[in-house]
Amino acid sequence: MTPHPSPPTGSLRRGLAPLFVVLLLAPAVPLSAQSSDGYLFDSPAGSIGIRGGFAFAAAGGDVFELLTTEHTLDRGDFHSPAMSADLTVTLSDRLDFAASVGYTSVKRDSELEDWEGEDGLPIAQTTEYSRTPVTAGLKYYFRDRGRQIGRLAWVPERYLPYLGVGAGWTRYSLQQSGEFVDFQSCEVIDGEQYCDIIAGFLGSEGWTPTAYVAGGLDVAIMPKVVLNADARYAFASATPGPDYYGYEAIDLAGLQTTVGVSLRF
């Protein structure tokens with residue numbers, strides 16, 4: 001049997017040299033878009049985020065006027081905490097597509113003004129008001145959100161002011177439950193008006209179109225993590241339900257201010 005010749009030592013070393021180079025460089029080669037100190041390896045495709053803050057309800061129209069003149073409520077009672085979840089998709093270096101789902105809700109106890117029961121107790125109700133806007137729109141930045149350095153480094157801009165516009169639909173609910181005066185039962189006895197007090201429910205709810213304008217500031221605290229401050233005014237109104245037949249449209253507009261955090265991807 002003829003033995004196989006061993007490769008020359010010099011040839012073996014030359015063959016292993018590229019392998020050692022690959023092993024040494026492998027940790028430095030990104031397998032996908034990652035972040036390093038102060039930069040990304042590629043510009044982000046979008047972001048997801050959450051925001052929380054406060055919603056100031058316009059509470060206009062004669063339905064809210066009824067609630068604030070005949071009950072112990074004022075327009076400020078319809079302001080409420082607000083929260084929102086956002087998804088953005090990068091369209092260009094200064095333009096995003098933005099989709100959002102928000103929620104505001106408040107519950108207040110109230111009484112009828114100038115009325116009380118035969119037991120001397122107030123005629124009390126609970127009033128609830130909520131809005132859930134589902135919108136899509138555009139978000140325009142006033143400066144480029146970052147700059148590409150070479151082929152492997154994208155450095156984000158730290159401060160990014162923006163304006164936004166959008167439209168969609170809002171699910172709203174305005175409800176009152178408790179005690180009410182049955183005015184059809186009223187009669188005057190010895191110069192005093194007496195009416196029956198009944199338990200009841202009044203409400204209006206449904207979906208209605210909405211639109212908004214927004215402005216805010218994104219602050220990059222890490223390459224992939226952004227703090228956000230946002231202020232937006234929503235425009236919406238709805239035809240009231242049968243319980244408020246004959247009343248004008250319910251004004252669902254209002255200003256919302258929020259802060260939050262988003263993660264770039």
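Along the sequence shown, residues carry numbers from 1.
Leu73 CG to Leu67 CG: the interatomic distance, rounded to the nearest 0.5 Å, is 6.5 Å. A distance of 10.5 Å separates CE of Met83 from OG1 of Thr132, quoted to the nearest 0.5 Å. Atom CZ of Phe64 and atom OG1 of Thr69 lie 13.0 Å apart (nearest 0.5 Å). Summarising the geometry, atom CZ belonging to Arg108 is positioned 8.5 Å from atom OG belonging to Ser80; distances are rounded to the nearest 0.5 Å.
Remark: side-chain polar atoms of Ser130 are not paired, donor with acceptor, to backbone N or O of Ser105 under 3.5 angstrom. With hydrogens and angles disregarded, a donor-acceptor distance shorter than 3.5 Å links the side chain of Arg145 to the backbone of Ser92. Checking side-chain atoms of Arg158 against main-chain N and O of Ala220 turns up a donor-acceptor pair under 3.5 Å. With hydrogens and angles ignored, the 3.5 Å screen pairs a side-chain donor or acceptor of Asp74 with a backbone N or O of Gly76. For the pair Asp243 (side chain) and Gly203 (backbone), a donor-acceptor distance under 3.5 Å is present. His79 places a side-chain N or O within 3.5 Å of a backbone atom of Ala57 that can act as its donor or acceptor partner. Without hydrogens or angle criteria, Asp62 side chain to Glu248 main chain gives a donor-acceptor distance under 3.5 Å. With Gln256 contributing its side chain and Gly254 its backbone, the two residues share no donor-acceptor pair below 3.5 Å. Checking side-chain atoms of Ser100 against main-chain N and O of Ser84 turns up no donor-acceptor pair under 3.5 Å.
Of all heavy-atom pairs between Arg264 and Pro223, the closest is NH1-O, 3.2 Å. The heavy-atom pair separating Ala231 from Thr257 by the smallest distance is CB-CG2, 4.2 Å. Residues Thr210 and Trp169 come closest through the heavy atom pair CG2-N, 3.6 Å. In this structure, Ala167 and Tyr212 approach most closely via the heavy-atom pair N-CE2, 4.1 Å. Shortest non-hydrogen contact noted between Arg94 and Phe142 is NH1-O, 3.2 Å. For the residue pair Ser47 and Phe265, the shortest heavy atom distance occurs at N-CE2, 3.1 Å.
Looking at heavy atoms from C-beta onward, Phe180 lies out of side-chain contact with Ile123 at the 4.5 angstrom threshold. With contacts defined as side-chain heavy-atom distances shorter than 4.5 Å, the pair Leu263/Val225 qualifies. Between Phe235 and Val213 the shortest side-chain heavy-atom distance falls below 4.5 Å. Contact check for Tyr129 versus Leu252: side-chain heavy atoms found under the 4.5 Å cut-off. At a threshold of 4.5 Å between non-hydrogen side-chain atoms, the residues Ser204 and Ile250 count as touching. Leu202 has its side chain out of reach of Gln125: every pair of non-hydrogen atoms, C-beta onward, lies at least 4.5 Å apart. Within the 4.5 Å cutoff, the side chain of Val259 has no heavy atoms near those of the Arg51 side chain. With a 4.5 Å cut-off on side-chain heavy atoms, Glu70 and Glu65 do not count as touching.
Judged by distance alone, the side chains of Glu111 and Thr72 never bring a donor and an acceptor atom under 3.5 Å apart.
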Evaluate the side-chain contact (heavy atoms from CB on, under 4.5 Å) criterion for residues Val165 and Tyr140: first the C-alpha distance (whole Å), next the side-chain angles of each, then the deciding distance (0.1 Å), finally the verdict. CA-CA 9 Å; Val165 294; Tyr140 175 78; over 6 Å; no
Does Ser177 form a side-chain hydrogen bond (donor to acceptor under 3.5 Å, both in side chains) with Thr126? I'd like the steps, not just the answer. CA-CA 5 Å; Ser177 58; Thr126 297; 5.0 Å; no
Take His71 and Thr127 through the test side-chain contact (heavy atoms from CB on, under 4.5 Å) and record every step on the way to the result. CA-CA 10 Å; His71 300 76; Thr127 302; 5.8 Å; no
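Within the structure, side chain to side chain donor-acceptor pair (under 3.5 Å) contacts touching residues 225-238 (residues at least two apart or in different chains) are Tyr162-Asn228, Tyr162-Asp230, Asp218-Asn228, Asp230-Arg232.
Cluster annotation: Leu95 is connected to Phe97 through the hydrophobic network of ILVMFWY side chains, with a link wherever side-chain heavy atoms come within less than 4.5 Å. Under the 4.5 Å side-chain contact rule for hydrophobic residues, Leu174 and Leu112 do not share a cluster. Note: the hydrophobic cluster containing Phe201 does not contain Ile198 (ILVMFWY, side chain heavy atoms under 4.5 Å, direct or indirect links). Taking hydrophobic clusters as Ile, Leu, Val, Met, Phe, Trp and Tyr residues chained together by side-chain heavy-atom distances below 4.5 Å, Leu160 does not share a cluster with Val155. Leu138 and Leu87 fall into different hydrophobic clusters, defined by Ile, Leu, Val, Met, Phe, Trp and Tyr side-chain heavy atoms under 4.5 Å apart, directly or through other members.
Under a cut-off of 6.0 angstrom, the local environment of CG in Leu255 is crowded, with over 12 non-hydrogen atoms contributed by other residues, nucleotides or ligands.
Taking 4.0 Å as the cut-off between side-chain N and carboxylate O, Glu157 and Arg147 do not count as a salt-bridged pair.
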